[in-house]
Amino acid sequence: MNIEKKISEKTIEALQSLYSAIVEKVSLEKTNPDFVGDITLVVFNFLKISKKKPEETATEIGNYLKSNIDEVVDFNVVKGFLNIVIDDSFWLNYFKSINGKPFIDLTRAGLPTNAPTVMVEYSSPNTNKPLHLGHVRNNLLGYSVSEILKAAGNNVIKTNLVNDRGIHICKSMLAWKKWGGGETPESSGLKGDHLVGKYYVEFDKQFKVQSSKLKAEGVSDEEAEKKAPIMLEIQDMLRKWEAGDKETRALWEMMNGWVYKGFDATYKMLGVSFDKTYYESNTYLLGKNIIDDGLAKGVLKRRADNSIYIDLTADGLDEKTLLRADGTSVYITQDLGTAVQRFEEYKFDKLVYTVGNEQDYHFKVLFLILKKLGYKWSDGLYHLSYGMVELPEGKMKSREGTVVDADELMQEMINTAAATTKELGKAEGLSETEAETLYRTIGLGALKYFMLKIDPKKKMLFNPAESIDFNGNTAPFIQFNYVRIQALLRKAKEDYFKDNLEILDASTDIPSASLLPKEKQLIIQLYGFNSTLNQAANEYSPAVIANYVYDLAKEFSQYYHDTPIFKEEKKDLILFRLQLSKTIGIAIKSSMQLLGIEVPERM
RNA sequence: GGUUCCGUAGUUCAACUGGAUAGAAUGGCAGAUUCCGGUUCUGCAGGUUGGAGGUUCGAAUCCUCUCGGGAUCACCA
């Protein structure tokens, strides 16, 4: 029952019949609200074929459509725009077909057996400090895109690649060992990731003291940074780690354990999860084996000093080294290896990397190398590149202490939600746990929506004051409209249909004549759910969903305001309006689910 | 410097991928609401889409130049 498809097919037919021309496809759009009609066909493209004026061409096509499609009851022409009017009964029938039904299925059981497999990597934190605002955007994006891809019919595997080793991890280890005095999360009361982060900062502080001392003694800047005693110590520590030194490994495992426990709490609060977690300590040696293969194929080359590189200058990029002269691998080598390993493991159709746009160049190079190495599946690789998060005072800088901590931020949002709710007296009658859940739903919803409504590709400005706002284009506004619908349904249950709520799912017949313009508009918006979902999936953009659901909630809000339901005299109209409201509620809840945002029953 | 991304109401964002008079929110101003929940609704003001050319029926969108801002350009991760 896809009306656009029908119209475009018939338009192609019309062009053939009227002008004996073959056209592959035509594009339709929603009619601009200022004009009469539901769907608009732009005919400018067909003027070459028709050899007639725009108005004339549009009228001829309009006549053909009107007499060949039952649902097309009228049309009008403005310049080259053919505005098509669809019969109200079509929209009513459509509504009946979806009334009370779910809009999405996020379970694996709902997938066809040949569903494409899509791996989505996101989060990918370092284990030397807690998560901050930038990670929050990453996590929310990755999770939401995963849900969107699932709903769009893909078999999605969410993965996390934890950067758990390397020189930066050794920094917090060494600092803790030297100055920690045996402090633990238990003894300090600090969350594990925050405790480790504290020592990462401590290392940096001590390092500065040492290197500036050397500089004062006349050592050059570069030398001073290399020769600072603790810098030499962590390099030694890294060597020990790589050699499998027992004591170093034990320290590493203990501190990473603290961090994981802390991350788990943060992930849980954020509401994100993973199907598979990779650790770089297991994967950092991957990739070397494909080097030989690349050399044999002549794709990779060896320099005089024995280092291996690939020449990408013909593609507008640079030469990229893949193995150092001493045979050790660099970062991208590992990425090559893990990509190959993942393909062998999952035979994915697509692999989506959720990584900030400062790594655009890296992924361009990575994908190109894989392609040159002959991996056909490299066409399915996609860098979900998102913009940086900036604060009103500029970029976040850890040195200046302007980093917004994820845990603190979430707690602030929850506190504000609690304060506002209490102030309005909306928490009355709720148990303590119910109230806590509500505050979390509202506070985190506001945060998530604030970050997801912006096009991922664009950098975003995070204004804490505005993010916590509950008016306008925000999650609480959308949640509020969902709650209103539930209040309506409760009233219906208590006063009107007396526990006979099944009647809401039964089909009603109201005459098309009594369909209000706003109701028709709302049904058309519901009709747009699927194409919105597909667009969001194709563009990997939760923002598309966010805009959709806000629009829907806003339109409903106006409808709710202008159309008293229970005052209506005709009972079949009351029932229809309740059904419409209920289904809009389902659409709102589904959309919010795609964004990883919950909706409360009361607020 | 090379490559690359971005620039839209005071502010934060949209604009169905080249379509009609560039839309929301927020802030400002003016109103409404005996009602199913006021975290509501309505109206007004606010724009040379950074600037200049070009492409065509039609440009915020594509091309060239220019101004301003970000990112990136390791045998770092």
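Proteins come first, then strands; the chains are lettered A, B, ... in the order of their sequence lines, and each starts at number 1.
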Exercise. Look at the side chain of A:Glu466 and decide which nucleotide, out of B:U39, B:U11, B:U17, has an atom nearest to it.
Key: B:U11
Quiz item: Any side-chain donor paired with an acceptor under 3.5 Å for A:Glu4 and A:Tyr527?
Solution: yes
Quiz item: With rounding to whole Å, what would you report as the distance between B:A59 and B:G54 at their P atoms?
Solution: 12 Å
Practice problem: Report which part of the nucleic acid A:Lys457 touches: base, sugar-phosphate, or nothing (heavy-atom distance under 4.0 Å, all strands). | Solution: nothing
Self-check item: Among B:U12, B:U39, B:C41, the nucleotide that comes nearest once only the side chain of A:Phe470 is considered
Solution: B:U39
Exercise. For A:Thr563, report the nucleic acid contact type (base, sugar-phosphate, nothing); a contact means any heavy atom under 4.0 Å.
Key: base
Exercise. For B:U64 versus B:G70, give the span between their P atoms, rounded off to a whole number of Å.
Key: 23 Å
Quiz prompt | Rounded P spacing from B:U40 to B:A25 in Å | solution = 11 Å
Quiz item: Out of B:A25, B:A77, B:A20, which nucleotide sits closest to the side chain of A:Glu280?
Solution: B:A77
Quiz item: Do A:Phe81 and the base of B:A20 stack face to face, with centres under 5.5 Å apart and an angle between planes under 30°?
Solution: yes
Quiz item: Going by atom types only, do A:Tyr449 and A:Asn473 share a side-chain donor-acceptor pair under 3.5 Å?
Solution: yes
Practice problem: May I ask whether A:Phe44 stacks on the base of B:G58, given the cut-offs of 5.5 Å between ring centres and 30° between planes? | Solution: no
Quiz item: Across the strands shown, which category fits A:Ile454 at heavy-atom distances under 4.0 angstrom: base, sugar-phosphate, nothing?
Solution: sugar-phosphate
Quiz item: So which nucleotide does B:U12 pair with, by the Watson-Crick or G-U wobble rule with both distances under 3.5 Å?
Solution: B:A24
Exercise. Look at all strands and tell whether A:Met603 reaches a base, only sugar-phosphate, or nothing, counting heavy atoms closer than 4.0 Å.
Key: base
Quiz item: So what does A:Asn45 hit on the nucleic acid, given a heavy-atom distance under 4.0 Å: a base, only sugar-phosphate, or nothing?
Solution: base
Exercise. To the nearest Å, give me how far apart CD1 (A:Ile565) and P (B:U40) are.
Key: 19 Å
Quiz item: Is any side-chain nitrogen or oxygen of A:Gln558 closer than 4.0 Å to OP1 or OP2 of B:U42?
Solution: yes
Quiz item: Where the side chain of A:Phe477 is defined as all heavy atoms beyond and including C-beta, which of B:A25, B:C41, B:C36 is the nearest nucleotide?
Solution: B:C41
Practice problem: Can you figure out which of B:A25, B:U17, B:A77 approaches the side chain of A:His362 most closely? | Solution: B:A77
Quiz item: Hey, does the side chain of A:Thr321 come within less than 4.0 Å of B:C75's phosphate (OP1/OP2), counting only N and O?
Solution: yes
Self-check item: Interatomic distance where CE belongs to A:Met388 and C1' belongs to B:G70 [whole Å]
Solution: 10 Å
Exercise. Would you mind reading off the distance between A:Leu368 atom CG and B:U4 atom P, rounded to a whole angstrom?
Key: 14 Å
Quiz item: Within the pair A:Lys364 and B:U3, is there a side-chain N or O less than 4.0 Å away from OP1 or OP2?
Solution: no
Practice problem: Taking only the side-chain heavy atoms of A:Asp455 (C-beta and beyond), determine which of B:G19, B:C36, B:A14 contains the nearest atom. | Solution: B:A14
Practice problem: Using the P atoms only, state how far B:U12 lies from B:G7, rounded to an integer number of Å. | Solution: 13 Å
Quiz item: Between A:Arg137 and A:Gly387, is there a donor-acceptor pair closer than 3.5 Å when you use the side chain of the first and the backbone of the second?
Solution: yes
Practice problem: With heavy atoms under 4.0 Å as the rule, sort A:Tyr309 into base, sugar-phosphate or nothing. | Solution: nothing
Self-check item: B:U17: syn or anti, per glycosidic angle within 90° of 0
Solution: syn
Quiz item: If you take atom types as modelled and just measure distance, does the side chain of A:Asn83 reach the base of B:A20 with a donor-acceptor pair under 3.5 Å?
Solution: yes
Exercise. Using the C1' atom as the reference point in each nucleotide, state the distance between B:U72 and B:C13 in Å, no decimals.
Key: 27 Å
Practice problem: Return the nearest nucleotide to the side chain of A:Arg303; candidates are B:C36, B:G19, B:C75. | Solution: B:C75
Self-check item: A:Lys457, NZ atom: more than 12 neighbouring heavy atoms under 6.0 Å
Solution: no
Self-check item: Counterpart base for B:G18, defined by Watson-Crick or G-U wobble contacts under 3.5 Å
Solution: none
Quiz item: Looking for any heavy atom pair under 4.0 Å, which part of the strands does A:Val544 touch: base, sugar-phosphate only, or nothing?
Solution: nothing
Quiz item: Considering Watson-Crick and G-U wobble pairs with both distances under 3.5 Å, what does B:A30 pair with?
Solution: B:U42
Quiz prompt | A:Glu598 atom CD, neighbour heavy-atom count above 12 within 6.0 Å | solution = no
Quiz prompt | Under 3.5 Å on both distances, the Watson-Crick or G-U partner of B:C65 | solution = B:G51
Quiz item: Rounding to the closest angstrom, what is the interatomic distance between B:A9 and B:U49 at atom C1'?
Solution: 10 Å
Exercise. Test the A:Lys589-A:Tyr482 pair against the cation-pi criterion, namely NZ or CZ under 6.0 angstrom from the six-membered ring centroid and within 45° of the ring axis.
Key: no
Quiz item: Hey, which of A:Asp236, A:Asn128, A:Ile234 is the one that makes side chain to side chain contact (heavy atoms under 4.5 Å, CB included) with A:Cys170?
Solution: A:Ile234
Exercise. Please determine, for the side chain of A:Lys79, which listed nucleotide (B:U21, B:A77, B:U17) has the closest atom?
Key: B:U21
Quiz item: With distance as the sole criterion, do the side chain of A:Thr40 and the base of B:A20 form a donor-acceptor contact below 3.5 Å?
Solution: yes
Quiz prompt | Short side-chain N/O contact from A:Asn471 to OP1 or OP2 of B:U40, under 4.0 Å | solution = yes
Quiz prompt | Geometric cation-pi criterion A:Arg165 and A:Tyr279, 6.0 Å radius, 45° cone | solution = no
Quiz item: To the nearest angstrom, how far is A:Lys453 atom NZ from B:A25 atom C1'?
Solution: 7 Å
Self-check item: Lys/Arg-Asp/Glu bridge criterion (N-O < 4.0 Å) met for A:Glu60, A:Lys52
Solution: yes
Quiz item: CD1 of A:Ile478 versus P of B:U39: gap in Å, rounded?
Solution: 17 Å
Quiz prompt | Whole-Å distance separating the CD atom of A:Gln535 from the C1' atom of B:A15 | solution = 11 Å
Practice problem: Confirm from the modelled atom types if A:Asp305 and B:C75 form a donor-acceptor pair under 3.5 Å, side chain to base only. | Solution: yes
Exercise. Looking at every strand, decide which applies to A:Asp318 at a 4.0 Å heavy-atom threshold: base, sugar-phosphate, or nothing.
Key: sugar-phosphate
Exercise. Quick one: label A:Val330 by what it contacts on the DNA or RNA (base, sugar-phosphate, nothing), any heavy atom closer than 4.0 Å.
Key: sugar-phosphate
Quiz item: Any side-chain donor-acceptor pair under 3.5 Å between A:Tyr361 and A:Asp318?
Solution: yes
Quiz item: Starting at the 5' end of RNA chain B, which residue's closest nucleotide do you reach first, A:Tyr560 or A:Asp360?
Solution: A:Asp360
Quiz item: Base, sugar-phosphate alone, or nothing: which one does A:Leu461 contact when heavy atoms must sit under 4.0 Å apart?
Solution: sugar-phosphate
Quiz item: Taking the C1' atom of each, how far is B:G58 from B:U21, in whole Å?
Solution: 14 Å
Quiz prompt | Minimum-distance nucleotide to A:Tyr331 side chain [options: B:C73, B:A77, B:C75] | solution = B:A77
Quiz item: Do the side-chain N or O atoms of A:Ser557 get closer than 4.0 angstrom to the phosphate oxygens (OP1, OP2) of B:C41?
Solution: yes
Quiz item: Starting at the 5' end of RNA chain B and moving along, which residue's nearest nucleotide shows up first, A:Thr420 or A:Val43?
Solution: A:Val43
Practice problem: Using the C1' atom as the reference point in each nucleotide, state the distance between B:G19 and B:G23 in Å, no decimals. | Solution: 15 Å
Quiz item: Taking the side chain of A:Val78 as its heavy atoms from C-beta onward, which of B:A20, B:C13, B:C41 lies nearest to it?
Solution: B:A20
Quiz item: Using a cut-off of 4.0 Å on non-hydrogen atoms, how would the nucleic acid contact of A:Asp551 be classed: base, sugar-phosphate, or nothing?
Solution: nothing
